[in-house]
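Input: a single structure, listed below in structure tokens.
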Amino acid sequence: MSEDLGTRPSWFVGAAYNRTEDQTPRFLAEGIWENGYEDGKYGDLVRSMRPGDKIAIKSSYTRKRDLPFDNRGATVSVMAIKATGTITANPDDGKQVKVDWAPSAPPREWYFYTNRSTIWRVAPGEWMEDGLLAFAFDGRPQDIDRFRNEPFWRERFGDLNGEQRFRWTTFYSAVASRLLDYRNDRRPLVDGIQSISGDLPGLGIYLNDRYPSGERGPLQDICPFTTMGMFNRSMTDANRHLIAGALGKLLGVEEGPPDSFEGIPVLNNQRSWFFSYADKRGADDIDRLWELFAAAAAILDSDQQELRADFVQAYDAAVEVWGASWNLSTGLYWSHPWEFPTLDSNSRAYMTGRLQMRIPVIGPQKPCSGATYLKLVDDLKARFGEDSYPVHSFPELSLASWHYKAPDDAPAEPDLAKPVGTEDEGESAVETVQVPAPMEPYSVDDILRDGSFLDRNEIERLLERLRTRKNLILQGPPGTGKTWMAKRLAFALMGERDEARVRAVQFHPNLSYEDFVRGWRPSGDGKLTLADGVFMEAIRAALSRPEARFVVIIEEINRGNPAQIFGELLTLLEAGKRTPREALELCYPDTDGVRRPVHVPENLFVIGTMNIADRSLALVDLAFRRRFAFVGLEPRLGPAWRQWVTEKGGVEPPLADDIEQRILALNARIAESFGRQFEIGHSYVTPTAKLEPGTTREWFRQVAETEIGPLLEEYWFDAPKSAREAVEKLLHRW
């Protein structure tokens, strides 16, 4: 990126008025860019543009063909740069800026990282932004391969080592595209569906309507979502494949139907239309659903902001249709699985429980509004690009929610989809669901694949101690992967990756028995009420499922007073006292006032982590130690670490060797001065995300100066000169 871009933002702006009128020729001729909104929209952004800022006229759209890479039939976001320039003056009216333009003839196309807003403010500093700025204003090529392999785009366009997931999305998107052709004339679609229904299992009943006269007969009209629901109901995969194939053939879809439908929400067979029977159906109900279907396709094909408003209006109108409710989001997900999320009950549970997202609803009987839905779309897409985020696309989110099991003690979600005043039980609206997911196995092999620098035998010994003692503490210097290993040991112990059966808590000096086990808490009405803490909740969950293993992970277990925090349950932690016969009464009764004996069940395990280099912490008492197995973790720099940081972390191999030698030399000095428990762990020099090419040196310098340096100052708190010398030696000639 050229230096004159500095740290100031650049501006990517639209040039279309009234949805179709391209103002680019006028802007170039008059040397201006003008905000086309009369209501003050974007006025503040326009006023913040400064003379000297770079500006580009863009046009965003999508395309499937004639791309410079293999898109595997998926839709790609494209942004054409039509002209670039420099802002020369801003009259501060929120409407117009003067620009010295240079047209791009022909327009240059940029892929993946695009924006549909009329004004897109792009600041330098991150690699995607820097790449876009260099492309637009310096004429440099886009590193397409890097974008293809970023988390959000990898599943569709990246270089996959294993089998490509979510292949079903191509067929679903193609069906939706073909259905759009029938928006204004549905008779051929209805007739075609009726003609194939006799040869397909269950479709005759599915397409049977009830007329105002009380008679029953063939459905005379249909919406696109209900059409796709033909093969998205509770039935065998073989039948879904058969019906999907017949519908695809009817519509002229070239892609074949999927063989597997895992993670795709299905309609409940009790009621699988998005609208009511004809005897109760509103005159424009089906039209409303088609309007939403078309509005969704429109905002994906154009960057006009007005189209978002059209979508919101269509969504809010469609949600009033009896039978639509939360199902609307699922229909949108089927139609455009990479662009819209499904908000079926499983996905909502996952988003609120695992992703900690709030989904505001309109009211007790209505789902979220169209504006809220689009806000969720934007918020999730912004997080998908983060390497550490649990999911990176809407199909992955849906699949994760399929596997997700909410905690047993989680409050039940109210049935927000059931309509008011429905007398016919056979016609009650039932929202989309996801059939139970198969177990996602997890073993020692998975720990090794995830990036453990311990060998198989060491991990198996850790698991053996955990199974035998029930309670295990991982202790070691900072940065040795204690927290990382604790969670993976929990999954391997359970034999599957199940977040709902792992509870995590961090001890601190102010944590008490009342917080962790049971105590008085303030309630919403200002009174005090007895409430269970994390550990009692885990005990209750484990008792409810004796066939399954549960794990409580306690971070920094020696930062609190474990004996005080566990109270009488400390005795019951012992492996030999995990029976009802050993049960004890707690200090506080149950919420109903009755004191019931409590025991820690055999299937509840505890993993703690302990930083043995923190001199501000006292050693835990002997009674506590007797109930835990203690295992030390050490810095692991060696072949496994080097392979990981070079292949997964983007560290250049020669520099990885150099970093290893520098850390080993520093640890030798630390061990000589303070003991091995104060050494620097490998986590400090293991990138959490893949580094950009050529940035290893700067990354290591920042780690040394801002992470390792302050730690060394704590070690040599009475000799700051020694700490400075250690950092200088760590970075010598770096």
Side-chain angles (χ1 to χ4, degrees), residues 1 3 5-8 123-131 386-388 451 453 476-484 555-556 559 609 611-617 633-638 641-734:
M1 186 176 63
E3 295 182 0
L5 290 175
T7 59
R8 284 288 303 160
E126 300 293 335
W127 74 266
M128 287 191 188
E129 286 80 357
D130 290 348
E386 301 172 12
D387 281 321
S388 60
F453 305 143
T480 47
K482 299 181 290 294
T483 299
W484 186 95
E555 301 277 8
E556 307 285 1
R559 282 194 173 275
T609 68
N611 181 1
I612 58 177
D614 194 334
R615 290 177 292 198
S616 67
L617 304 176
L633 297 183
E634 302 174 344
R636 289 298 179 112
L637 298 169
W641 174 82
R642 289 195 301 273
Q643 181 178 3
W644 180 268
V645 297
T646 54
E647 294 181 1
K648 305 291 186 179
V651 177
E652 293 90 339
L655 297 183
D657 295 338
D658 196 1
I659 291 171
E660 180 180 6
Q661 296 307 313
R662 290 170 185 264
I663 295 296
L664 290 175
L666 174 61
N667 279 341
R669 182 177 179 184
I670 291 173
E672 183 179 351
S673 300
F674 307 105
R676 295 200 61 187
Q677 69 269 29
F678 290 89
E679 292 180 342
I680 302 298
H682 51 267
S683 296
Y684 282 97
V685 288
T686 304
T688 56
K690 194 165 187 176
L691 300 175
E692 299 180 35
T695 63
T696 297
R697 290 186 180 276
E698 180 57 27
W699 165 77
F700 179 66
R701 180 178 297 280
Q702 291 182 9
V703 169
E705 292 176 348
T706 64
E707 299 179 43
I708 298 176
L711 185 62
L712 298 181
E713 290 173 2
E714 296 233 358
Y715 289 176
W716 278 290
F717 67 94
D718 55 351
K721 183 179 178 182
S722 297
R724 288 195 300 272
E725 289 175 350
V727 175
E728 290 172 359
K729 188 170 183 179
L730 185 63
L731 293 173
H732 183 61
R733 293 183 178 177
W734 183 258

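Shown here are the side-chain hydrogen bond (donor to acceptor under 3.5 Å, both in side chains) partners of T483, two or more places apart in sequence or in another chain: E555. Applying the salt bridge (charged side-chain N to carboxylate O under 4.0 Å, His left out) criterion to R724, with sequence neighbours excluded, gives no partner residue. Looking at residues two or more places apart in sequence or on another chain, you find a side-chain contact (heavy atoms from CB on, under 4.5 Å) between T646 and P653, A656. Residues passing the side-chain hydrogen bond (donor to acceptor under 3.5 Å, both in side chains) test with D658, sequence neighbours excluded: R662. Evaluation of the salt bridge (charged side-chain N to carboxylate O under 4.0 Å, His left out) rule for E660 yields R642 as partners, not counting sequence neighbours. In this structure W484 satisfies the side-chain contact (heavy atoms from CB on, under 4.5 Å) test together with I447, D450, S452, R488, sequence neighbours excluded. Partners of A689 according to the side-chain contact (heavy atoms from CB on, under 4.5 Å) rule, which considers only residues two or more places apart in sequence or in another chain, are D387. Residues forming a side-chain hydrogen bond (donor to acceptor under 3.5 Å, both in side chains) with S683 (at least two apart in sequence, or on another chain): none. A search for side-chain hydrogen bond (donor to acceptor under 3.5 Å, both in side chains) contacts involving E692 returns nothing, not counting sequence neighbours. Qualifying side-chain contact (heavy atoms from CB on, under 4.5 Å) partners for Q643, counting only residues two or more places apart in sequence or in other chains: E647.
Summarising the geometry of L712 relative to A726, their closest heavy-atom pair is CD1-CB, 3.8 Å, with the distance given to 0.1 Å. The shortest heavy-atom contact between E556 and N611 is OE1-CB, 3.9 Å. Residue P478 comes nearest to Y715 through the heavy atom pair CG-OH, 3.6 Å, listed as atom of the first residue, atom of the second, then distance. Among all heavy-atom pairs drawn from R8 and P124, the shortest one is O-CD, 3.4 Å.
To the nearest 0.5 Å, atoms CG (L655) and CZ (R697) are separated by 5.0 Å. Note: I659 CD1 to T686 OG1 = 9.5 Å, rounded to the nearest 0.5 Å.
The side-chain heavy atoms of L666 and K729, taken from C-beta on, include no pair separated by under 4.5 Å. Between V645 and V685 the shortest side-chain heavy-atom distance does not fall below 4.5 Å. The closest side-chain heavy-atom distance from L730 to I663 is below 4.5 Å.
Using a distance-only test at 3.5 Å, with no hydrogens or angles considered, no donor-acceptor pair links the side chain of H682 to the main chain of L637. Counting only distance, with no hydrogens or angles, the side chain of E652 and the backbone of G694 share a donor-acceptor pair below 3.5 Å.
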task: List the steps and the verdict of side chain to side chain contact (heavy atoms under 4.5 Å, CB included) for D130 and W127.
output: CA-CA 5 Å; D130 290 348; W127 74 266; 5.5 Å; no

For residues 699-710, which side-chain N or O atoms pair as donor and acceptor with protein atoms under 3.5 Å away, sequence neighbours left out?
from: Q702; atom 1: NE2; to: E698; atom 2: OE2; distance (Å): 3.0
from: T706; atom 1: OG1; to: Q702; atom 2: O; distance (Å): 2.6

For residues 669-681, dump all side-chain donor-acceptor pairs below 3.5 Å to protein atoms at least two apart in sequence or in another chain.
from: S673; atom 1: OG; to: R669; atom 2: O; distance (Å): 3.1
from: R676; atom 1: NE; to: E679; atom 2: OE2; distance (Å): 3.4

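Around CD of E725, the count of heavy atoms belonging to other residues, nucleotides or ligands within 6.0 Å exceeds 12.
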